[in-house]
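Here is how names work: the chains are called A, B, and so on, in the same order as the sequence lines, proteins then strands, and each is numbered from 1.
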Protein chains: 2
Amino acid sequence: MELIKIAATMKDVAEYAGLSIATVSKYINGIKVKEENKKRIDEAIKALDFRVNEIARGLKTKKTTTVGVLIPSLENIFSTTIVSKVESILLKYGYSTIICDYRQNRELENEKFDFLINKQVDGIILVPYGINESKIIEALKEDIPVILIDRSIRGVDCDIVLADNLNAAYNAVEILITKGHRRIGIICGPQDIYTAQERLKGYIRIHEDYELEIDENLIKYGDYEIQSGITLMNEFLDQKNPPSAVFITNYEMTLGAIMALNSRNIKIPDEISIIGFDNIQLANVVKPKLSIVVQPMQQIGEFAANLLIKRMKGDDSGFPAMVRLKTEILEGESVAVINSYI
Amino acid sequence: MELIKIAATMKDVAEYAGLSIATVSKYINGIKVKEENKKRIDEAIKALDFRVNEIARGLKTKKTTTVGVLIPSLENIFSTTIVSKVESILLKYGYSTIICDYRQNRELENEKFDFLINKQVDGIILVPYGINESKIIEALKEDIPVILIDRSIRGVDCDIVLADNLNAAYNAVEILITKGHRRIGIICGPQDIYTAQERLKGYIRIHEDYELEIDENLIKYGDYEIQSGITLMNEFLDQKNPPSAVFITNYEMTLGAIMALNSRNIKIPDEISIIGFDNIQLANVVKPKLSIVVQPMQQIGEFAANLLIKRMKGDDSGFPAMVRLKTEILEGESVAVINSYI
DNA sequence: AACTCCACGTTAATCGTTTCACTTTTTATT
DNA sequence: AATAAAAAGTGAAACGATTAACGTGGAGTT
C-alpha cells in the first residue's frame, strides 16, 4: 500500500514543537527566537521533513524568487555562456531562472516577455532584438527590474551591460590595416540592431583614423545566421575587385563564411584573410587557427546578474547603469601580412 | 506623481461585472456561463487589465505550471538543442521551464534536483550523470513525473528517451571497417556513464561480427571534455602501432582530437581517419568535412516534452516508457579508403 | 511591592484563487 | 400553470504562508 506522503506545513511544525505558527515563521525568516524554541523547531522540521511552501510564501510576499532570462537563441554561444553564468550567480541567492528563447523572432520575443511578466518573475534579463519598448517601461513601472544585455533600446532608461562593440571592431580592423590590408570587407549584422551598428561604426572610424577611403562594396549586411555568412562571403569572392581581408561580425556568420571558403577551396590566409567573432573553440579547431574577437561573455553575465540582484533588493543607485566591457582579440593565423603599400 | 498601478484581482473583476467571484473563476477556467455574463466578464477583464495570479492559483491547485530541466551543461550542443525544443513545446501548453545546469558535477546535480523539487515544479526532465537514484524514486512517489534523457539509471523505473547509442557506434565503426581499417581506436566517455558504455558495446559488437580482434590499446576512456580529446588523441599518435582510424564518441572530445591533430600537423584523412560526434556545424567547418554521428536531438527533446506533458496530465499508460531513437551518420571526407586487406 | 521595560509569543487578518455545497433561475414537461 | 429537472450563480471555507497589533512573564529599578 503506497501512501503518498503529504508535505508537512508550518502548522504541523508548530504543533509538533508546541508553538504558534507565527513563531515558527519568524524563526524560519531569521527573527530571534529563544534558544530552547529554536531547538524544538529544528527538531520538528527535521522530524516532519518540512520545507516552506514557496508558493504560499510568494502569495503573501508578492515575490517569486524567480527571474526570467530572455535570449534570442539557445543555440548560440554568446547567449548560453551568459545564461550559464547568470543562472549560477542567481542560484546562490536562491533565485531560479526561467529561460526563454525567442528564436530571433520579434513577435515571440514580445510574447515571451509577457509570459515572464505573467509568471510574476522578480526581475528580467533581456538580450533584446525588437521588443516593444513600452513593455519594458511598463515592467519598470510595475517595479520589476529589467537588465538589458548587448543592445540598448532607444527611448528607454534601463540598466544595460554590453561589450564595447565599437572598439572591438575598431581594433580588429586595425590589425588588418597594420598588416597591410587596404581592401577590407565587413560582414555586418542587421542594420536595425544596435550592436551591429556599433561594430560598423568601429570599422568606419578606423578607416577615418587611417585616412582610408571606404568602399561601399566592401560593406555587407547579414542577419547573423550561418546562411548569411555563406552568401555574403560568396558575394565578396565574386566581386571584380574582392577584398584581401574580411572581418565577420558574429559567430554564426563566421561559420558560414568559412564554409563558403572551404567549399571553394580557398586558402586562409594565403588567398584571403579573416577575422571572426566569438567562439574560441571554433577558432582553435579550424585550420589555420582563426583570429577572432572575443567578448567577455562570462563577465557580461556576471555584471548583469549582480546588477539585477541589486535592483531586486531595491537599490536603485546609479540607475540607469551602463556597463561597457572591453573585448579581446585572440590572434590566430588567419591574417596574412601583405606589403602592397610598402 | 507616479502611481504604481496595483494589479486587478478577480474580486475587482467580479465587482465590475456585478457577479460573484466564483462565477468569474469558473468562466476563466472554462466552465459554462451565460452568454450575457460572459460578455460582462470579458469587458471587466479588459477594462481592469486583469490577469490571473498564477501564484494564488498555484496555492490552491498545488500546481505551478512550471517544469524543471536539469542538464550537465549549457555550453554543450546536445543539451541546449534538447532544451530549446523542450522549452518551445512546453510553452505551448502554458508551462514555463526552469533550466538548471550542473556543470558535470554530481554534487551540484543533486543540489539542483532538490532545488527544483523545492520550487515545486510539476515535472522534471533530467539528463542524469551521478544523481542519487533515491531522489528520483522520491520524486516519482510524490507524484512529480521525471523523464530521463540519454542515460538510464540502474534500479529506477523511470521513463527515458535516448538515442540508440549502441547502434550509432556500431554503424560508425562499421563504416571504418568497410573502408579497410583494421586498427580502429575509440575514445570513449567515462566508464560509469551508461551512454558511454553503450557506445563502447557497439564498437565491440561490430568487431565481433566481423571477427576482428580487439586490441585493448585501442580503447581509451576520457571524460567528455575537450582536454580529454587532446590528450587521448596524442596518446594514440604516440603509440608504436597507432590506429589508422579513430572514432570519438562525443562532441567536445572530437573538438579536442582535432586540435591535437592540427597542432601536430597531421592530415585528415591521409594520415589518420576520423569519425566524430554530434555537431553538424563543426563537421562542415572543419577541413576536410568531418564524418560524424548525429543524434536526433530535436526529436529527443520532442519526445521527452510530450511524454512529460502526458505524465503531468496523469496518464501513466506504458510506464516506464523507453524511447530509443535512431541516429544518423553524416559522411564527410575524413575517412580514407585503404586496401590493406584486399 | 509596584512599576516600567524588554524580549519573545500569540492571535487573527490577509494574499488571490479554487471549489464544495448550496440556492436561485431557467427550461422542459405535462 | 404547476412542477421537476437542468443550468447557472453564490457564499464561504480552504490553500500555507507572513505580519500587524497586541499579550505575557520576568528582570531591573526604586
Residues forming a side-chain hydrogen bond (donor to acceptor under 3.5 Å, both in side chains) with A:Thr61, sequence neighbours excluded: none
Set of residues satisfying side-chain hydrogen bond (donor to acceptor under 3.5 Å, both in side chains) with respect to A:Asn37, sequence neighbours excluded: none
Return the set of residues passing side-chain contact (heavy atoms from CB on, under 4.5 Å) with [X] (not counting sequence neighbours), or none when no residue passes.
X	answer
B:Lys60	none
B:Ala44	B:Val13, B:Tyr16, B:Ala17
A:Arg103	A:Asp101, A:Leu108, A:Lys112, B:Ser84, B:Glu87, B:Ser88

Any salt bridge (charged side-chain N to carboxylate O under 4.0 Å, His left out) pairs touching [range], not counting sequence neighbours?
range	value
residues 113-136 of chain A	A:Asp114-A:Lys135
residues 310-325 of chain A	A:Asp159-A:Arg311
residues 15-35 of chain B	B:Glu35-B:Lys38

N-O pairing of B:Asp143 and B:Lys62 below 4.0 Å: no
Between the first and last five pairs of the helix from C:dA1-D:dT30 to C:dT30-D:dA1, the angle of the axes, rounded to 10 degrees: 40°
Please tabulate, one pair per line, all N/O donor-acceptor pairs under 3.5 Å involving side-chain atoms of residues 298-309 of chain A, not counting sequence neighbours.
residue: A:Asn306; atom: ND2; partner: A:Glu302; partner atom: O; Å: 3.1

OP1 or OP2 of C:dG16 under 4.0 Å from side-chain N/O of A:Lys62: yes
What is the distance from [atom1] of [X] to [atom2] of [N], rounded to the nearest Å?
X	N	atom1	atom2	answer
B:Tyr27	D:dA7	OH	C1'	17 Å
A:Ile31	C:dT10	CD1	P	14 Å
B:Lys63	D:dG16	NZ	C1'	16 Å
A:Leu59	C:dT18	CG	P	12 Å
A:Glu15	D:dG16	CD	P	13 Å

Protein-to-nucleotide contact annotation, 5' to 3' order, nucleotides 17-27 of chain D [B base; S sugar-phosphate only; - none; under 4.0 Å, heavy atom]: BBB-B------
Contact list for DNA chain D against residues 37-47 of chain A - heavy-atom distance below 4.0 Å: none
Side-chain touch A:Ile117/A:Glu138, heavy atoms, less than 4.5 angstrom: no
